[in-house]
Amino acid sequence: MAGTGVRVRLLGPVEVVVAGSPQAVNGLRRKAVLATLALHVGRVVSVDRLIDVVWGDHLPATAANTLQRHVSYLRGVLGEPGSIVARQPGYLLDTGPDSTDVQVAERLIELARRSTEGHEQVKHLTAAVALWRGPPLADVAGSAWLEEQAEHLARLRLEAERSLVEARLSVGEHAGLLPGLERLVRQHPFDEHLHAQLMLALYRDGRQGEAVAAYRRLRDNLREHLGIDPGPRLRDLECAILRQDTAIAAPAPAAVAPVAAQLPPPVPTFTGRTAELAALDALVERGGAVVVSGTAGVGKTALAVHWAHRAAARFPDGQLYVNLRGFDPAATPTDPARALHGFLEALGVPAARMPGDPDAMVSLYRTTLAGKRLLVVLDNARDAEQVRPLLPGSPHCLAIVTSRDQLIPLVVTESAQPVPLDLLSPGEARDMLVRRLGERQVAAEPAAADDIADRCARLPIALAIVAARAATNRQFSLAAVAGELGDLDAFHAGDEATDVRAVFSWSCRTLSPPAARLFRLLSLHPGPDVSAPAVASLAGADGPAIGPLLTELTRANLFTEHTYGRYAFHDLLRAYAASLADEAEPPAEQQAAVHRLLDHCLHTAHAADLALHPHFSAISLPPPRAGVLPERPRNRSAAAAWFSTEVPVLLAAVPLAARSGFEGHAWRLAWAMAGFLHRQGHWQDWLGTQRIALAAASRIGDQAGQGHAHRSLGLACSRLRRYDEADDHLRRALDLFTDVGDDAGRAHTCLNLGQLAERQGQHQQALTHSRRALALFRSAGNRAGQGYTLNAVGWQEALLGNYHSALASCGEALRMLQEVDDVQGQADTWDSLGHAHHQLGDDRRAIACYEHALELFTQVHDRYAEASTYVNLGGSHRALGDLGATRAAWRRALTILDELGDADADSIRANLDQLDASRLH
């Protein structure tokens with residue numbers, strides 16, 4: 001099968017995207033061949049059929065040979081020879097699931113159709129509609145069959161748009177719908193369904209007169225052009241609007257989303273850049289994107305962040321920020337999907353609603369920003385492709401992009417406004433020294449100040465370092481500092497890159513030997529920032545000894561404490577430190593330092609995972625090297641906080657381990673962070689780390705590591721609804737655990753196969769898998785595993801209607817989980833017991849079980865499960881006729897779900913409304 005990095009796009013001009021990069025397909029006939037194969041992806045298309053579609057009545061004598069050449073060409077564009085397979089009687093496009101945009105759109109539309117929850121429908125349909133880039137198959141005109149397919153895909157888009165409007169109306173998004181609805185009505189002037197939606201949206205927006213006018217325009221058009229009147233549904237809606245019927249009123253508004261405020265602190269000594277600040281001020285109302293470009297160290301980030309803080313009040317819906325690390329020598333550039341995940345979190349999208357597909361993420365991001373006035377700062381971009389998915393797409397939003405590259409493609413295709421940033425002027429450089437050293441010192445030695453500015457090539461980063469040395473050594477005259485700079489052999493006027501390295505060299509010569517060594521070793525850390533305990537492990541030093549060294553580096557402006565207890569490099573300084581490490585640190589010492597750092601990450605992540613799930617550690621770790629001081633989170637809250645802070649570091653550490661010869665660290669670290677990535681909805685990061693883990697474990701022939709990676713990949717694919725892939729990974733994991741005799745691994749995998757079957761509604765099969773898992777946990781003597789699995793067995797028995805068996809299984813599960821003091825498992829089991837009692841009509845017992853579950857869910861801070869149990873509790877109170885207790889339980893559930901921003905809140909709100917309505921009658 002071809003790689004999953006290939007996508008054929010048909011919903012617009014025909015094109016191929018490989019690993020995120022568009023690839024041109026030249027020639028009408030070649031595009032027609034590709035489109036025909038892509039519309040039959042995974043199925044054989046005969047040679048005769050292909051020739052008929054591509055050439056029709058204009059059949060050349062050499063058609064078969066030409067078709068072969070077209071196929072060969074397309075294989076090259078797709079990047080893999082196996083992407084198009086020759087199979088009798090023709091060819092098959094084998095690019096895997098979701099490898100065409102048509103497949104993705106149809107899957108998302110089907111997910112929306114199956115969902116009964118409005119926000120979930122909006123999410124899926126928004127993502128589906130966003131896949132159309134224009135008229136489908138736009139550049140393969142001339143083939144009758146392809147033109148029929150284009151018409152079908154255009155109808156599919158219209159149906160998706162109509163369904164999306166319906167879903168958005170159901171969740172109260174009528175105001176934001178109006179511009180798009182008016183466009184659709186213009187395109188389809190006789191479509192009564194669209195007109196009904198427009199009328200309803202106008203009415204709910206307080207525009208009753210316009211709603212009635214829209215009806216009458218349609219009525220007049222139908223009579224004039226078709227000789228008919230609107231149908232009864234539309235006539236009834238007009239009457240309801242005229243009498244202001246409460247049945248068509250807007251639903252209750254959803255909880256207010258938080259205002260994002262992600263900007264880093266501004267540089268307090270920022271100065272100058274008057275023209276550039278004025279240019280940015282002038283672009284606020286225009287919206288779109290701005291590219292601030294310039295050489296390394298020229299102050300692009302400082303300008304963008306300073307202006308962003310100054311203009312924040314003009315963006316009342318918030319400010320987003322991400323460092324894209326485009327030129328960081330120690331890390332790969334930030335993946336746009338990861339940046340999008342962070343933005344969506346900041347915009348209040350809960351993990352449960354986070355899309356897994358990158359295209360769906362982009363769609364949800366832009367939908368969330370629609371109608372908002374928000375600022376997005378995209379710092380240190382590598383290229384235009386990294387930036388495009390992160391552009392807001394709303395005319396009221398502004399994106400500021402900083403990069404060493406001019407990003408010409410953004411200027412050309414996205415109409416981004418360029419703001420080039422040159423070196424500081426002599427006056428601005430002098431002002432910067434004044435801000436850092438004071439007016440008196442600079443005024444006393446103006447010539448020396450100008451000399452310093454010139455020798456620093458008027459680069460802000462170099463000036464900051466020199467000013468830091470002068471400020472911490474007030475006994476030095478500025479002339480003496482300038483003289484030191486003048487003594488540098490490496491100095492070559494006019495070459496900014498050489499000049500700034502010369503300043504770095506001069507500053508490093510003033511460091512103590514331990515601080516200089518630490519500066520070099522810090523270049524080996526792959527993350528965007530680092531904590532003091534991790535620095536200590538990297539250096540193999542005692543914690544108390546590392547503090548003064550970090551203080552020395554920050555005072556020299558070689559390292560920055562950007563938030564309390566976390567330190568970061570400028571990219572230029574990291575590159576310079578790396579060059580010094582290569583010169584001064586033997587390869588064995590560098591390897592040892594990386595080993596200590598990875599030990600720190602792995603042992604701390606494992607400890608944090610154990611704090612969150614104390615009974616489910618499936619791996620053992622080799623002891624850490626001497627000098628490593630892992631952190632020990634004291635409780636669940638501290639463990640979750642540690643993961644939240646360190647995730648960017650851990651995501652960088654996994655590939656570092658894989659490429660540095662520490663394959664065992666790679667797969668174990670991926671395993672240790674999988675649970676947190678799962679709970680937080682970081683689906684793409686979860687998949688990415690586990691793929692690296694699988695490759696690393698395979699390289700060293702570690703079957704246990706491969707088994708754990710396959711199992712985790714299976715769980716991730718299941719969460720993303722890639723059920724066939726999930727089943728394949730889980731069965732591979734089962735085989736590997738069987739080969740190495742790991743009964744616990746087999747048991748966990750069987751339990752996961754049961755969960756996968758349950759997700760697909762295969763309850764009997766789920767029960768079979770869970771019973772097999774139970775037998776394996778019993779064989780391994782794992783009491784916690786037995787308890788969790790017995791609860792799963794009981795739950796699946798209840799889903800099959802076997803409520804007495806469910807009570808027996810869950811009762812035994814509860815005793816085991818109490819024995820091992822697993823609070824989470826006990827809470828889950830009490831909830832299952834409550835469900836079984838409720839189904840048997842014994843709601844008093846059900847209430848007692850639910851109250852036990854609530855007490856325990858509160859202890860483990862599982863807010864979503866707590867809300868779910870309150871819903872169940874309310875159902876049992878209602879069955880007993882206690883509507884007051886029902887209302888209290890459901891209101892508590894609603895409060896929690898609103899705080900979490902979860903879409904289930906709407907259904908609870910509707911239940912409460914029904915309850916209140918029944919009381920009135």
Side-chain angles (χ1 to χ4, degrees), residues 1-45 47 49-50 53-54 66-87 90-108 127-128 130-143 145-147 149-150 152-154 156-157 335-337 357-363 383-389 409 412-414 684 722:
M1 180 182 288
T4 56
V6 175
R7 179 164 288 180
V8 181
R9 303 211 287 188
L10 308 173
L11 302 177
V14 176
E15 67 179 24
V16 172
V17 178
V18 179
S21 177
Q23 306 294 314
V25 180
N26 297 318
L28 173 63
R29 308 292 187 196
R30 290 167 175 167
K31 289 179 180 179
V33 172
L34 177 61
T36 305
L37 291 171
L39 288 166
H40 294 85
V41 63
R43 292 176 287 156
V44 176
V45 185
V47 169
R49 179 64 175 149
L50 282 167
V53 170
V54 174
T66 303
L67 178 61
Q68 287 181 341
R69 290 197 297 273
H70 288 343
V71 168
S72 178
Y73 166 85
L74 292 171
R75 285 171 176 153
V77 173
L78 293 166
E80 294 187 26
S83 54
I84 301 179
V85 180
R87 184 174 298 170
Y91 296 96
L92 174 148
L93 181 66
D94 185 22
T95 45
D98 280 2
S99 60
T100 73
D101 54 1
V102 174
Q103 287 177 298
V104 177
E106 290 175 338
R107 176 175 60 79
L108 290 167
L131 293 171
W132 271 266
R133 296 165 289 116
L137 303 172
D139 49 357
V140 288
S143 163
W145 184 80
L146 287 174
E147 287 177 359
Q149 298 306 304
H152 163 71
L153 294 173
L156 183 67
R157 176 183 188 173
D335 182 73
D357 182 79
D359 290 341
M361 270 194 183
V362 174
S363 178
D383 51 37
E385 292 309 310
Q386 190 186 23
V387 169
R388 279 198 178 97
V412 173
T413 63
E414 312 293 336
Q684 297 302 322
R722 301 178 185 176

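Computed from a prediction, not measured in an experiment: that's the story for all the values here.
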* So Tyr91 and Val33, side-chain contact (heavy atoms from CB on, under 4.5 Å) or not? Walk me through it. -> CA-CA 10 Å; Tyr91 296 96; Val33 172; over 6 Å; no
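Of all the heavy atoms in Val53 and Trp145, the pair that sits closest is CG1-CE3, 3.9 Å. When all heavy atoms of Pro409 and Ala384 are compared, the closest pair comes out as CB-CB, 3.8 Å. Listed here is the closest heavy atom pair of Ala150 and Leu137: N-CD1, 3.8 Å. Residue Glu385 comes nearest to Pro389 through the heavy atom pair O-CD, 3.3 Å, listed as atom of the first residue, atom of the second, then distance. Taking all atoms of both residues into account, the shortest heavy-atom contact from Ser363 to Ala130 is OG-CB, 3.4 Å. Residues Arg30 and Asn26 share a closest heavy-atom pair of CD-O, 2.9 Å.
Between Gln149 and Leu10, every side-chain heavy-atom pair lies at or beyond the 4.5 Å cut-off. Contact annotation: the side chain of Arg388 never approaches that of Pro336 to less than 4.5 Å [non-hydrogen atoms, C-beta and beyond]. Proximity of Leu50 to Val71: side-chain heavy atoms (C-beta onward) are nowhere separated by under 4.5 Å. Between Val104 and Arg7, the closest side-chain pair of non-hydrogen atoms falls below 4.5 Å.
By the side chain to side chain contact (heavy atoms under 4.5 Å, CB included) test, Glu106 is found to be paired with Val102, Leu156, residues two or more places apart in sequence or in another chain being considered. With sequence neighbours left out, the side chain to side chain donor-acceptor pair (under 3.5 Å) criterion links Arg69 to Thr66. The salt bridge (Lys or Arg N to Asp or Glu O under 4.0 Å) test applied to Arg9 returns Glu15, not counting sequence neighbours. Residues forming a salt bridge (Lys or Arg N to Asp or Glu O under 4.0 Å) with Arg107 (at least two apart in sequence, or on another chain): Asp98. Applying the salt bridge (Lys or Arg N to Asp or Glu O under 4.0 Å) test to Asp335 and every residue at least two apart in sequence or in another chain returns nothing. For the salt bridge (Lys or Arg N to Asp or Glu O under 4.0 Å) test, residues two or more places apart in sequence or in another chain that qualify with Arg157 are Glu161.
Between the side chain of Arg75 and the backbone N or O of Ile84 there is at least one donor-acceptor pair closer than 3.5 Å. At distances below 3.5 Å, at least one donor-acceptor pair connects side-chain atoms of Asp101 with backbone N or O atoms of Leu11.
Identified under the side chain to side chain donor-acceptor pair (under 3.5 Å) test for residues 133-143, with sequence neighbours left out: Lys31-Asp139.
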What side-chain donor-acceptor pairs closer than 3.5 Å can you find for residues 34-44, not counting sequence neighbours?
unit_1 : atom_1 : unit_2 : atom_2 : d
Thr36  : OG1    : Ala32  : O      : 2.7
His40  : ND1    : Thr36  : O      : 2.8
Arg43  : NH2    : Leu39  : O      : 3.2

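Put simply, OG on Ser99 and CG on Asp94 are 8.5 Å apart, with the number rounded to the nearest 0.5 Å. Taking CG of Leu93 as the reference point, atom CG of Leu74 lies at 9.0 Å (rounded to 0.5 Å).
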